[in-house]
J.: 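Sharing a structure with you now.
In the text below, chain A, chain B and the rest are named by the order of the sequence lines, each starting its count at 1. Source: prediction; values computed, not measured.
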2 protein chains.
Amino acid sequence: MDWQQVQCFLAVAERGTLAAAASHLGMSQPTLGRHINALEASLGLALFIRSRKGMALTEAGLSIVDDARGMRDEADRIALKAAGSAQSVSGSIRITASDIVSTYVLPPIIAALGIAEPDIEVELVPSNTLENLLRRDADIAVRMVRPMQNDVIARKTNEMGMGIYAHEHYLARRGEPANMEEFFRHRLIGMDRSNLIIDGMHDFGIAAERNMFSVRTDDQVAYWELIKAGAGIGFAAHFLANGAPGLRRILPDITIRALPVWLASHRELRTSQRIRRVMDFLHEHISALPLKQGMPEHDTVEH
Amino acid sequence: MDWQQVQCFLAVAERGTLAAAASHLGMSQPTLGRHINALEASLGLALFIRSRKGMALTEAGLSIVDDARGMRDEADRIALKAAGSAQSVSGSIRITASDIVSTYVLPPIIAALGIAEPDIEVELVPSNTLENLLRRDADIAVRMVRPMQNDVIARKTNEMGMGIYAHEHYLARRGEPANMEEFFRHRLIGMDRSNLIIDGMHDFGIAAERNMFSVRTDDQVAYWELIKAGAGIGFAAHFLANGAPGLRRILPDITIRALPVWLASHRELRTSQRIRRVMDFLHEHISALPLKQGMPEHDTVEH
DNA sequence: TAATTGTAATTCAAATTTGAATTGAGGGAT
DNA sequence: ATCCCTCAATTCAAATTTGAATTACAATTA
């Protein structure tokens with residue numbers, strides 16, 4: 001039995017179609033299909049039922065998919081150890097962060113990193129899902145919640161103060177709410193499927209519901225652009241609002257819980273010179289940012 | 001990372017030389033050497049120290065050899081399960097067949113199967129609709145028409161000869177028809193919504209219509225019981241009539257097209273030892289049945 | 001010292017694998 | 001009812017991989 005074929009099997013089992021699994025593995029659909037055929041031949045049983053809707057696991061396939069996942073866990077551990085013991089400072093590194101952080105916080109810092117460490121290539125992966133550091137989806141994650149995974153080391157690096165904001169254009173048309181009651185009669189910008197804002201308001205004892213929000217998007221960057229465009233009132237980080245002309249803070253007496261900024265990496269990667277260097281660099285620069293309170297300028301990264 | 005290369009790594013780590021590991025893996029020494037090189041390149045570290053005495057693990061190699069063994073354990077488990085589910089004939093199996101076949105043909109055969117293969121549980125699904133083998137409604141279907149679905153393998157197993165029959169009690173009351181004209185003046189038993197009989201007569205150039213039949217039912221078993229009870233004249237398989245006392249064949253010169261008996265299964269299930277075993281068993285026993293012509297006894301299943 | 005043995009690396013023609021393009025077929029939308 | 005989209009399968013030329021033979025090298029043996 002060829003282990004590569006098991007790797008192929010798992011990819012197809014988890015993605016459901018040959019084409020999707022092939023592009024994930026970086027091979028072509030015919031090749032992957034042949035590997036699956038070869039595995040079935042060598043095991044002497046059918047693992048998938050081929051249909052026009054994709055590849056569905058048979059009973060036999062279902063019974064071995066967990067073992068294949070076990071193999072992947074071990075393989076991931078090997079990859080992790082290898083990355084950890086690679087002592088070279090040069091090479092590439094994958095950083096994942098939320099859309100907002102990827103778009104508005106990290107670019108100047110990564111630019112500075114490129115000057116300080118020209119040999120390190122950086123891959124930035126904007127993602128709002130919590131990437132699995134155990135699986136090495138990324139080497140370093142910047143997160144707004146405390147990472148709880150085992151074998152993950154994390155350090156809190158800063159806090160991002162939040163406030164309620166709207167653009168002057170909007171306020172000129174609709175007036176500015178003076179209290180919470182008026183606030184709820186405005187056009188509020190919310191999230192669609194994500195419960196981030198609704199849950200945050202619940203924590204505050206406010207029974208928020210999805211239909212309170214007149215404008216909804218799950219894309220955090222689009223959310224911020226909606227506020228800037230005067231589409232309504234929304235929640236935003238102070239540092240964003242400070243750098244945007246025409247933005248006005250609403251109900252400044254309402255304090256909103258600040259979001260923590262955590263840096264996380266896998267324990268095995270501590271020993272990597274390169275990852276340690278980037279971790280330290282990110283920590284140094286993110287902690288120096290004035291994220292907590294409103295200030296006239298937020299781009300304080302020195303070159 | 002290519003899992004096949006990990007497989008190679010483990011073989012070399014445990015055998016100490018490329019040549020020994022290569023012959024164990026069934027590949028050549030140069031190929032194996034190249035795989036090891038590729039793995040080292042992709043991990044970015046040296047796993048072996050090459051010497052004239054063989055391949056000695058480096059510290060990095062040593063640190064991942066246990067994880068590679070873990071992968072092998074999982075791989076072995078997969079191979080074991082595969083061998084088990086391919087060889088094992090135990091488990092349950094779903095057989096679908098028409099009412100008549102389920103009621104009067106299969107029971108003795110399934111009883112014999114239970115003796116020959118005590119570990120196979122059989123689920124019998126009487127159904128006159130053509131079950132969808134692709135959807136795994138059943139593992140094996142016994143059908144009276146040639147299965148045309150794609151991905152279905154089928155073999156013709158026997159032919160079921162048909163005739164026109166009535167019970168002596170009925171004939172004593174109404175007399176026996178001597179030709180087709182008289183036949184149509186009798187109480188005929190037909191089907192209600194199903195066109196099985198009407199279409200069959202059309203094939204013979206007889207313009208049959210639903211209201212020619214004085215007694216109608218779509219239940220094939222009830223149909224047969226109606227004939228046995230002397231409710232009228234109807235069509236029945238020879239083998240049924242042969243085993244029923246008091247039944248008399250009508251117009252024996254009229255030949256009615258025999259119904260083929262097909263065994264069908266999904267192509268993906270070819271590889272299942274259990275299903276193959278049951279397929280073969282059914283084929284063997286159904287083909288041995290004297291279904292084509294009338295004979296005094298039809299229960300010829302040997303135990 | 002010279003021959004022998006066992007090792008990994010190299011060479012190069014042959015076999016195999018690969019993938020872009022195409023085909024074919026089913027399901028869903030219009 | 002029709003078209004369209006998305007699958008897997010097929011085709012075939014091109015790229016890659018493979019392995020028999022050979023080389024190179026060091027340790028061991030005669």
J.: Is there a side-chain contact between B/R50 and the phosphate of C/dA9, meaning an N or O under 4.0 Å from OP1 or OP2?
T.: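 B/R50 to C/dA9 OP1/OP2: side-chain N or O found under 4.0 Å.
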
J.: Rounded to whole Å, please give me the gap between CG in B/L18 and P in D/dT23.
T.: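 Taking atom P of D/dT23 as the reference, CG of B/L18 is at 20 Å.
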
J.: With a cut-off of 6.0 Å (strictly less than), are more than 12 heavy atoms of other residues, nucleotides or ligands near CZ of A/R276?
T.: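 Atom CZ in A/R276 is not packed in, count stays at 12 or less.
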
J.: Name the one of B/T96, B/I93, B/L106, B/T103 that satisfies side chain to side chain contact (heavy atoms under 4.5 Å, CB included) with B/L124?
T.: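 Per the side chain to side chain contact (heavy atoms under 4.5 Å, CB included) rule, the option paired with B/L124 is B/L106, out of B/T96, B/I93, B/L106, B/T103.
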
J.: Do NZ/NE/NH1/NH2 and the carboxylate oxygens of B/E40 and B/R50 come within less than 4.0 Å?
T.: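 Looking at B/E40 and B/R50, the cut-off is met.
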
J.: Is the shortest side-chain N to carboxylate O distance from A/R72 to B/E74 below 4.0 Å?
T.: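 No, no charged N to carboxylate O under 4.0 Å.
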
J.: Would you kindly give the CD1-to-C1' distance between A/I49 and D/dC7, to the nearest whole Å?
T.: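 For the pair A/I49 CD1 and D/dC7 C1', the rounded distance is 16 Å.
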
J.: Looking at B/E121 and B/R94, does any basic side-chain N land under 4.0 Å from a carboxylate oxygen?
T.: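 No.
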
J.: For the pair made of CE in B/M55 and C1' in C/dG6, what is the distance, rounded to whole Å?
T.: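 About 15 Å, once rounded to whole Å.
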
J.: To the nearest Å, give me how far apart NZ (B/K53) and P (D/dT28) are.
T.: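 Taking NZ of B/K53 and P of D/dT28, I get 6 Å after rounding.
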
J.: Just checking B/G33: base, sugar-phosphate only, or nothing, at a heavy-atom cut-off of under 4.0 Å?
T.: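 If one applies the 4.0 Å heavy-atom cut-off, B/G33 turns out to touch nothing in the nucleic acid.
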
J.: Can you build the contact string for nucleotides 10-19 of chain C? Use B for base contact, S for sugar-phosphate-only contact, and - for no protein heavy atom under 4.0 Å.
T.: BB------BB

J.: Under 4.0 Å between a Lys/Arg side-chain N and an Asp/Glu carboxylate O for A/D66 and A/R69?
T.: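 Salt bridge flag = yes for A/R69 with A/D66.
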
